[in-house]
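Sequential numbering from 1 along the given sequence is applied to the chain's residues.
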Amino acid sequence: QVQLVESGGGLVQPGGSLRLSCAASGSIRRIYDMYWYRQAPGKQRELVAQVTSDGNTDYSDSVKGRFTISRDNAKNTVYLQMNSLKPEDTAIYYCNAGITPVQAQFKAYWGQGTQVTVSS
């Protein structure tokens with residue numbers, strides 16, 4: 001019943017910006033930490049950014065200073081503001097969240113992914 005749905009991906013030029021959104025829906029009791037991952041073809045999925053339930057954030061070295069993760073608990077939504085995009089940022093971006101559903105056990109949920117392509 002619980003789902004994560006990402007949006008906001010697309011094609012941008014180097015130096016451009018995008019804002020990704022990921023909204024959780026369903027019968028949710030509590031959302032804990034939320035994460036953004038990305039995966040390029042032939043590569044392992046890597047953690048890009050995370051935000052805890054109390055608002056603490058962390059970033060990979062490759063995106064620190066360029067990306068900002070935030071969350072709106074009232075909307076059950078996590079965002080990733082991406083600035084100064086580089087071609088090496090090209091990947092499918094996935095939302096992940098630790099969620100306890102109503103009448104179900106805690107587990108990590110994944111979104112379907114949204115494509116980000118940075119190219120001139």
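- For the residue pair T52 and D33, no side-chain donor N or O sits within less than 3.5 Å of a side-chain acceptor on the partner.
- Ring planes of F67 and Y93: tilted class, angle from 30 to 60°.
- Here the OH atom belonging to Y94 is positioned 5.5 Å from the CD atom belonging to Q39, to the nearest 0.5 angstrom.
- Below 30°, between 30° and 60°, or above 60°: for Y37 and W110 the angle between ring planes is between 30° and 60°, a tilted geometry.
- In this structure, the side chains of N76 and I28 come closer than 4.5 Å at one or more pairs of heavy atoms.
- Each of V12 and Y79 belongs to its own hydrophobic cluster when Ile, Leu, Val, Met, Phe, Trp and Tyr are linked at side-chain heavy-atom distances under 4.5 angstrom.
- Minimum interatomic distance between L85 and L18 (heavy atoms only, all atoms of both residues): CD1-N, 3.9 Å.
- In this structure, the side chains of L20 and T114 come closer than 4.5 Å at one or more pairs of heavy atoms.
- One hydrophobic cluster, built from ILVMFWY side chains closer than 4.5 Å, holds both L4 and V51.
- Rounding to the nearest 0.5 angstrom, the gap separating the CG atom in D89 from the OG1 atom in T117 is 11.0 Å.
- The two residues T68 and Y59 have their closest heavy-atom pair at CA-OH, 3.4 Å.
- How far OG of S60 is from CD of E46: 5.5 Å, rounded to the nearest 0.5 Å.
- Heavy-atom contacts from other residues, nucleotides or ligands closer than 6.0 Å to CG of D54 number more than 12.
- Distance check: L80 CG to R38 CZ gives 9.5 Å after rounding to the nearest 0.5 Å.
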Fill in: Candidate pair Y32 and F106, rule ring-ring contact (aromatic ring centres under 6.0 Å, His included), full reasoning
CA-CA 10 Å; Y32 296 87; F106 171 90; 5.5 Å; yes

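- When the shell of 6.0 Å around CD of Q44 is examined, it contains 12 or fewer heavy atoms from other residues, nucleotides or ligands.
- Side chains of N73 and I31 form no contact here, defined as non-hydrogen atoms less than 4.5 Å apart.
- Atom CD of Q3 and atom CD of Q112 lie 9.0 Å apart (nearest 0.5 Å).
- Formation of a donor-acceptor pair under 3.5 Å by the R66 side chain with backbone atoms of Q81 is not found in this model.
- Contact between S17 and S84 at its shortest, heavy atoms only, is OG-N, 4.3 Å.
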